[in-house]
Undergrad: 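Before anything else, here's the structure in question.
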Amino acid sequence: MKKKAIVALSGGVDSAVAAAILLEQGWEVAGLTMEVVTPECFETGQNRLGVESGKASREARKVADFLKIPFFSVNFTKEFREKVIQSFFSEYLSGRTPNPCVVCNRFIKFGILQEEALKLGADLFATGHYARIFHENDRYLLKKGIDEKKDQSYFLFSLQQEQLARTIFPLGSLTKDEVRRMAQKMGLPSPDRSESQDICFIPDQDYIGFLESELHIKGTAGNIVHVSGKVLGPHQGTYRYTVGQRKGLGIAWPQPLYVIRVDAEAKQVVVGEKMYLEVFEMQVQDVNWVAQPLTGSIRCKCRIRYRHQEAPASVVPLEDGRADVFFDEPQAGVTPGQGAVFYQEDLVLGGGWIR
RNA sequence: UGGGGCGUAGCCAAGUGGUAAGGCACCGGAUUUUGAUUCCGGCAUACCCAGGUUCGAACCCUGGCGCCCCAG
């Protein structure tokens with residue numbers, strides 16, 4: 001009997017090609033899509049997001065129909081809100097900068113969506129991620145995608161072994177160009193869509209407006225303070241700022257100023273010249289060791305944000321899932337709330353959250 | 001109302017006779033499955049106002065207006 005794979009279809013090119021590849025390889029394939037942003041579920045009750053309910057499913061269904069594969073859709077609006085959006089809120093309110101994609105992958109996409117796929121009878125769950133999984137010595141290893149420019153392993157650092165075990169990434173050994181050409185050759189419908197980007201649940205990209213309307217908050221004012229202690233002016237809420245931010249400070253200063261620190265409790269945004277952004281060490285928490293649990297310190301390369309030029313560092317594991325990271329060269333913009341991922345060549349050793 | 005200084009875009013600011021640097025902010029675009037960063041482009045027919053000198057003035061002269069500092 002044919003092995004069955006269920007592909008998480010987004011309606012975009014990548015997941016469509018992933019499904020096509022599996023079909024070619026002889027899998028029995030079905031498509032599965034989740035709805036995570038049906039507007040009526042938001043408290044406002046208004047469609048301020050401009051998202052049509054069920055849009056994701058409609059787009060994905062077109063692809064499934066084209067490929068002539070069965071299609072399923074689930075509504076995870078509630079779960080998504082509880083897991084992803086809630087933490088998105090609380091992180092911003094505590095002065096940190098969340099990375100909702102990582103949370104979504106851990107709990108939603110490779111969590112309940114994957115479970116849904118298994119319930120539907122799938123042997124494996126597939127997505128269009130540019131990353132690779134290898135099974136060695138009873139361990140499922142996560143590696144970068146071949147296409148360095150598109151590698152998405154960063155967003156997957158918190159996946160558990162069971163999750164990796166049931167996953168397949170058909171695009172991991174392809175480049176984006178190859179995928180595009182395949183899509184064209186297959187005559188996939190409307191690949192005119194631009195790359196998916198920005199926070200998926202905030203289509204207008206106005207995350208500040210989203211926070212304010214959803215949380216009913218409005219400018220808990222405080223001060224923007226220079227690292228020297230000099231008060232430079234007021235701000236309308238610390239959640240509007242993130243470490244490393246340069247634009248939007250609204251302050252006239254001889255040199256470009258960057259956000260160095262956000263102190264939600266003191267309602268203070270500390271800014272300074274670029275040099276103050278440079279940091280030699282940091283601590284991460286809730287570390288997930290993908291390759292193998294780390295017992296002693298190790299040399300590796302650390303990426304502190306998506307598409308960050310990974311930096312040589314030494315990592316020292318601590319208790320409670322924490323670890324100290326010491327960079328060889330100072331890094332600009334170490335931002336609490338962002339993920340830090342440790343690599344050795346293509347291999348993802350693991351990753352944690354910057355404190 | 002004695003002395004001194006200043007007045008250039010939303011802000012800071014260069015330019016002291018030859019036809020308005022730069023930075024911040026702002027706007028647009030590129031890059032990007034998070035937030036940022038980064039990159040490219042745009043952004044004063046105009047230099048407090050009014051006269052004058054000059055081929056030519058933000059820059060020189062005269063007179064106003066406004067602001068700041070030190071003295072009353």
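Below, chain A is the first sequence line, B the second, and so on; all start at residue 1.
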Undergrad: Does the structure show a Watson-Crick or G-U wobble partner for B:G41, both distances under 3.5 Å? Name it, or say none.
TA: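 Base partner found: B:C27.
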Undergrad: Could you work out the separation of B:G10 and B:C27 based on their C1' atoms and round it to a whole Å?
TA: 14 Å
Undergrad: Can you list the residues that meet the side-chain hydrogen bond (donor to acceptor under 3.5 Å, both in side chains) rule with A:Ser90, with sequence neighbours excluded?
TA: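 A:Ser90 satisfies side-chain hydrogen bond (donor to acceptor under 3.5 Å, both in side chains) with no other residue.
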Undergrad: Using whole Å, report how far CZ of A:Phe157 lies from C1' of B:U33.
TA: 15 Å
Undergrad: When rounded to the nearest Å, what value does the distance between P atoms of B:C61 and B:C68 take?
TA: 25 Å
Undergrad: Please enumerate all protein N or O atoms sitting under 3.5 Å from an N or O of nucleotides 24-28 of chain B, with distances to 0.1 Å.
TA:
{"from": "B:C24", "atom 1": "OP1", "to": "A:Arg246", "atom 2": "NH2", "distance (Å)": "2.0"}
{"from": "B:C24", "atom 1": "O4'", "to": "A:Trp253", "atom 2": "O", "distance (Å)": "3.4"}
{"from": "B:C24", "atom 1": "O2'", "to": "A:Ile251", "atom 2": "O", "distance (Å)": "2.2"}
{"from": "B:A25", "atom 1": "OP1", "to": "A:Arg246", "atom 2": "O", "distance (Å)": "2.8"}

Undergrad: Expected output is a numbered-order residue list: members of residues 323-338 of chain A with a heavy atom under 4.0 Å from any atom of RNA chain B. What is it?
TA: A:Thr335, A:Gln338
Undergrad: Can you tell me the Watson-Crick or wobble partner of B:C6, both distances under 3.5 angstrom?
TA: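 Because both required distances fall under 3.5 Å, B:C6 counts as paired with B:G66.
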Undergrad: When the C1' atoms of B:U16 and B:G2 are compared, how many Å lie between them, rounded to an integer?
TA: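 About 28 Å, rounded to a whole number of Å.
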Undergrad: Just how far, in rounded Å, is P of B:G35 from OH of A:Tyr154?
TA: 11 Å
Undergrad: Report the residues that fulfil ring-ring contact (aromatic ring centres under 6.0 Å, His included) with A:Trp27, sequence neighbours left out, ordered by chain and then residue number.
TA: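 So A:Trp27 forms no ring-ring contact (aromatic ring centres under 6.0 Å, His included) with any residue.
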Undergrad: For A:Asp206 and B:G35, what is the distance between atoms CG and P respectively, to the nearest whole Å?
TA: 12 Å
Undergrad: C1' atom, B:C47 versus B:A58: distance in rounded Å?
TA: 5 Å
Undergrad: Rounded to whole Å, please give me the gap between CD in A:Gln309 and C1' in B:U38.
TA: 14 Å
Undergrad: Of all residues at least two apart in sequence or in a different chain, which pass the salt bridge (charged side-chain N to carboxylate O under 4.0 Å, His left out) check with A:Glu91?
TA: A:Arg96
Undergrad: Can you find a side-chain donor-acceptor pair between A:Tyr140 and A:Thr167 that sits under 3.5 Å?
TA: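 The criterion, which ignores hydrogens and geometry beyond distance, is not satisfied for A:Thr167 and A:Tyr140.
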Undergrad: Under 4.0 Å, counting only non-hydrogen atoms across every strand here, what does A:Val103 touch: a base, just sugar-phosphate, or nothing?
TA: nothing
Undergrad: Taking B:U32 as the reference, what is the distance to B:C43 when you measure between their C1' atoms (whole Å, please)?
TA: 26 Å
Undergrad: Over how many whole Å does the gap from A:Lys150 atom NZ to B:U31 atom C1' extend?
TA: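 Those two atoms, NZ and C1', are 11 Å apart.
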Undergrad: Please say whether the positively charged group of A:Lys176, taken as NZ for Lys or CZ for Arg, lies over the ring of A:Tyr130, i.e. under 6.0 angstrom from the six-membered ring centre and within 45 degrees of the axis.
TA: no
Undergrad: Under a 3.5 Å cut-off for both contacts, is B:U32 paired Watson-Crick or G-U wobble with anything, and if yes, with which nucleotide?
TA: none
Undergrad: Would you say the side chain of A:Ser314 lies within less than 4.5 Å of the side chain of A:Arg299, judging by non-hydrogen atoms?
TA: yes
Undergrad: Can you list every pair that meets ring-ring contact (aromatic ring centres under 6.0 Å, His included) and has a residue in residues 264-295 of chain A, with sequence neighbours left out?
TA: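 Sorted pair list: A:Trp289-A:Phe342.
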Undergrad: Does the side chain of A:Tyr306 get closer than 4.0 angstrom to OP1 or OP2 of B:G35 through an N or O atom?
TA: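 No, no such contact exists.
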Undergrad: Just the rounded figure in Å: distance from P of B:G23 to CG of A:Leu232.
TA: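 Atom-to-atom, A:Leu232 to B:G23, this comes out as 20 Å.
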Undergrad: Does B:U37 have OP1 or OP2 under 4.0 Å away from a side-chain N or O of A:Tyr241?
TA: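 So the side-chain polar atoms of A:Tyr241 never come under 4.0 Å of the phosphate oxygens OP1 or OP2 of B:U37.
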Undergrad: From the set B:U34, B:U31, B:A36, return the single nucleotide nearest to any side-chain atom of A:Gln245.
TA: B:A36
Undergrad: If the condition is side-chain hydrogen bond (donor to acceptor under 3.5 Å, both in side chains), which residues does A:Arg305 pass it with, not counting sequence neighbours?
TA: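 Listed in chain order: nothing, the list is empty.
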Undergrad: Excluding sequence neighbours, so at least two apart, what forms side-chain hydrogen bond (donor to acceptor under 3.5 Å, both in side chains) with A:Ser15?
TA: A:Ser10
Undergrad: Take atom P in B:A13 and the same atom in B:U34, then report the distance between them in whole Å.
TA: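 Between the two P atoms, the distance is 40 Å.
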Undergrad: Just checking A:His308: base, sugar-phosphate only, or nothing, at a heavy-atom cut-off of under 4.0 Å?
TA: nothing
Undergrad: Residues in side-chain hydrogen bond (donor to acceptor under 3.5 Å, both in side chains) with A:Asp123, at least two apart?
TA: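 Expected list: none.
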Undergrad: If we count only N and O atoms by modelled type, under 3.5 Å, do the side chains of A:Thr175 and A:Asp177 hold a donor and an acceptor together?
TA: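 Short answer, no.
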Undergrad: What is the distance, to the nearest angstrom, from the CG atom on A:Asp14 to the C1' atom on B:U32?
TA: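 To the nearest whole Å, that distance equals 14 Å.
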Undergrad: By nearest heavy atom, map A:Phe88 and A:Lys274 onto RNA chain B; which one lands nearer the 5' end?
TA: A:Phe88
Undergrad: Find the distance A:Phe110:CZ to B:U33:P and express it as a whole number of Å.
TA: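 From A:Phe110 CZ to B:U33 P: 16 Å.
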Undergrad: Expressed in whole Å, how much space separates the P atoms belonging to B:A44 and B:G5?
TA: 33 Å
Undergrad: B:C6 and B:A14: how far apart are their C1' atoms, nearest whole angstrom?
TA: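 Each nucleotide's C1' atom is 16 Å from the other's.
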